[in-house]
Amino acid sequence: MNYSSWYEKNYPALSGYGLWLRGGEPNTLAPEAFDAAECTILIARLSTYRDTADSFTHKLLYQIAAGIPGVYPDLAWLPPPKDAELFDRDGVPWLLGTTSKHGARDFNLLALSLSIVQELLNIAPLLRRSGIPVPGSERRADAASPLVILGGASALHSSYCFGEESPVDGIFVGDDANTIRELFSLCKAGFAGKRHKRDILEDLLSIPGFFLPGGPIETTVFHAPTAYPGQLLERGPILYDEGTIGTASLTISEGCACFCSFCAESFGRKPYREYEVDLLREAALRLKAAMAVEKLELYSFNFSLHRSFYRLLTALAPLFPAIGLKSQRLDSIAHDPGLLKFLHAVGKASLTCGIEGISPRLRRYLHKSLDERELRRGLFALLTSPIRELKLFLIATGLEEQADYDAFRELLALMTEVLQGSQHRPRIIFSMTILVRFPWTPLEFEDAPPPETCGAVLRTVERLTRAAGFEFRASAEVAEYWLSQILVRIADPRVAEAVAAAGEAIDFIYYREIPFALVEAVRQQFALRGIEADVPLRGHRPDNRAGKPWSGIAIGVKEEFLAAQWESAGRSEDRGYRGTLKPGEDSDAKPSPAEPLSRPLPIMRTEPHPSLERFRGHLSENLARKTAVHFRIWVDPPLGNVPVAMRGTMLARALLMADPALVPEYWGNGGSRVAGAQGWERVTGDDIVSLCWLAPADAAVRLRIGDATFCTSVAGFLGEKLTLIGIVEQALENPAVIVFSSPFPFDPAEFCSRKSLKFTLCKTGPFTADYRLSRDSLRKKVWSGCTVEQGRDARHRVTIVPGPRFSPAEFAQTAFKLPEKSDWVRISMVGRFGE
Ligand code: SF4
C-alpha cells in the first residue's frame, strides 16, 4: 500500500514537519521506479533519521543496491516517539520507505542495519508495527512478508535473534561491499525469478558471513585481504539534515592494527587494511561531485596510523575547504608531536584520544599498548598545543582498586601542572563508559561485574575528575551497561525470551537510553523463568566456547589467540602489537618530554615528513584564491520545506556532475540571499545562491554557464524543483513581492495587532481586496502593500510588498485561520524579484 496521501495529509504534525519522511533526497531513485523494479529492497535503520544522519552505512548500502540493475532501494527509519503515535493512530507501518511511501510489506527484502546492540530491542516492535509477523514460523508461512535480513556493524553480536522463531530470516556478518553486492544480487535474481523465499535463503547460504538464525550457525566472514575501491562511498543520498549537508565520509582504512582487549569493532574487522592515496583522491573527487562535499570526514579507527597519512593529507586538504579527522591514538602523537601542527593547519581544534584504563595496570589489562612514557609525552604535546577542546575516553572496568584511583589522581595532577606551565587553556572533558565484554574479544571469557560495582567506579572517577577542575561525562549509565552486556552474550534462549517479554510488557522502544523500568521488567521475567540475575553476566572457560552460539561464526581471529590474550589480561600484562608491557615495567616511567621512546608504533610511516611551511602555504594560497559566484535560481515551492543549504548544494552538485573539471576548485556553498535570512527560510521562488570557487575556476564557471549544452546537462542533474536562471554580478535586494498561497482563509488581525498595524479593508472586486495600512503603520516598514484574492481553486492568495521588518514565517503563522498551529507549513511563500 502506498502512503503518499497519508503523508500529504499529516506531514505538518510530524517531527520537523515530516522532513525525515519526505524522501526524494538527491542521489535517490524516483518513486515511480518502484513499480517497474524486479526486486525492491527496504534498507532500514533501527534508530531515527536524526540519530543516524551522520552515519554512512545506509548511504553505502543504498549506493550498492541502486547500482544493481533491476533493484529499487528505499530507506526507512524508526519514527520519533511523537510520530509513532500518529502512525499507530492511522495504522501506518512504522517501516515506511521514505521516497516510495510503500510500507515494508510491499518490499521483497527488508535489510535491517544493526548499528549498536541496544537496537536489537527494536526489531520485534518494528516488525509488529509494520504488519510483519515476528515469530519465524508465522513469517515463513506468510508469503506476502518480505525476506528479513539483519546485517550491520553489530550483527556479529546478535545471538539475541538466534533460534527457529527468530524475528529475522537471515543474518549477515561482514562489511565487504562486494559480498553485500553479491547478496543483494542473489536476492534480485531470486525475486525476479519468482522463487520461493525459502529457496532464496538457501542460495544466500553460499555468501560468506551469511547464516540462518535457526541454525546450524556455521559461516566464515570474508574480509578482503586488501582494501579496494568498491567499499568507498561515492554517491550517497544527501539527507535533509542541516548539519550534514555538504559533508561526507571517506573511509581511509578498514579495521585497526591494534588489539585492545575490549574492542569489538577491531576484533570483528581484522585484518587492518589501508586504501592507497591515489585511489582515495579519485574517490574523494567523485564523492565531492556527487554530494557537493565541502567537508570531507576521513573515516578510520585511527587516522594517524595510516602509513601514508601525510601524503594523504597533502593530497586531500587542497581539494576541500574542510577536512574532518576523528580519533587518533595518543602514542602516535607521542611519537610524532609535529602531527598536531598539521592538524592545526587544517583547522582541527578539538581532539579525541582514548586513554581507556585509569591506571597503568588497567591499561595493560585492556591491552591498550600505551606505555607511560607515551601517555605522558602525548598528553604533554596536546596540552601545550593551541587546541580548543580535548576529549579523553576512559573505560570503567569494574576492577578498579584504590591504587588505580591513586594513579588516576596522579595523572590529573600531572595534567594540571602541565597546563599551569602552558600558554593554552583547552577545555578538557573526560568521557567514561562502562566496559561491555563482547564475544569475539579476549574479554568474552570473563565474568562481567554487577552494575552497582561499575556505577560506583563511574561516580568515583567523576568525583576525582571534577575535583581536579576538569569536566566529566558518563557516556552510558549502568542500566545501559547491564542490558547491553546481557544482550551480547545470550546463549540461553530463555534469556532472549525474558528480554523480549519484558520489552513487550512495557511496550519498550529504544531511543538512545535504557530506562530502569526495563531493567526491572527484565528482572521480573528472569524470576518467572527461574534465571538468577547474575547468570547472564557470566563469562565461560575457553574450553566451553564451542557450546556458545556465536562460536560457529569464524571471523578470522583464532580462538586460542583470544584465550591467550585473556589470560595475559588477567595477569595485567599487555602482549599488545608492540611487545610486552608487564607489571612494574612502566608504572614509574618519568614524564620527561625529552626521554626517547623505544617502542615502535603498530604501523610505522616510511615516507618522509612533508614540509609544514609548504603545506600551510598551499592552504593559505587557496584561501587567497577563494571567490564567490552568485547564481540566480528559481526554487519550486516543495523545496520550501527542506533546509536552505540544500539549494546551494543541489546547484553545486549539478554543476560538478555536468563538468568534472570544475570539481577540484569548488570551495563550498556560500549561502542563499533570500532564504538565508531569519524568518525567510521557507520562501521559495526567486533566490540567489553564492558558490565559492578557487580562482581562476570562477572564470571557467562563467564561461560554462554560457554554453547551452552544459546548461542542459546542469538542468538534467537539477531535476524539476530547482532551475538555474543565470549568473548575477551583484546580489539583488529582497523579493519585490511575496505571494502566499494558502488553503486557509486570510485573517491578518492577529499579525497586525502584534505589530501594532492599523489597516483599512478595501474591496476591489468580488474576490479581491486590498489591506491598506494607515500612514503611521506604513512607517513601521512591515509591508507597503497587501492584496488578497480568492482563487477558483479555493486557495487564498495574498500578495505582500515586504518592508525590511517583514517576516514571512511570522506572517504565515499568524495571518491565516489555521486548523492546527503546525499547518502554516502548508502555505507556500513564493518571492519574486522586481525587474
Ligand atoms: S586502538 Fe584499540 S580501541 Fe582504538 S580502534 Fe584500535 S583496537 Fe580499538
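The analysis underlying the following values was restricted to heavy atoms, covering all of them including side chains, and did not include hydrogens, waters or symmetry mates. Atoms within a ligand are numbered from 1 in the order they appear, just like the ligands themselves.
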OG of Ser154 to CD of Glu119, rounded to nearest 0.5 Å, is 7.5 Å
Ignoring hydrogens and angles, tell me if any N or O in the side chain of [X] forms a donor-acceptor pair with the backbone of [Y] under 3.5 Å.
| X | Y | value |
| --- | --- | --- |
| Ser359 | Asp404 | no |
| Ser422 | Leu383 | yes |
| Asp331 | Ala334 | no |

Does Phe259 have its ring centroid less than 6.0 Å away from the ring centroid of Tyr272? no
Per-atom filter on ligand 1: closer than 4.0 angstrom to a heavy atom of Phe262 are 3 (S)
Atoms of type N, O or S from protein under 2.8 Å of atom 2 (Fe) of ligand 1, total 1
Pairing of Arg376 and Glu372 as salt bridge, 4.0 angstrom limit:
yes
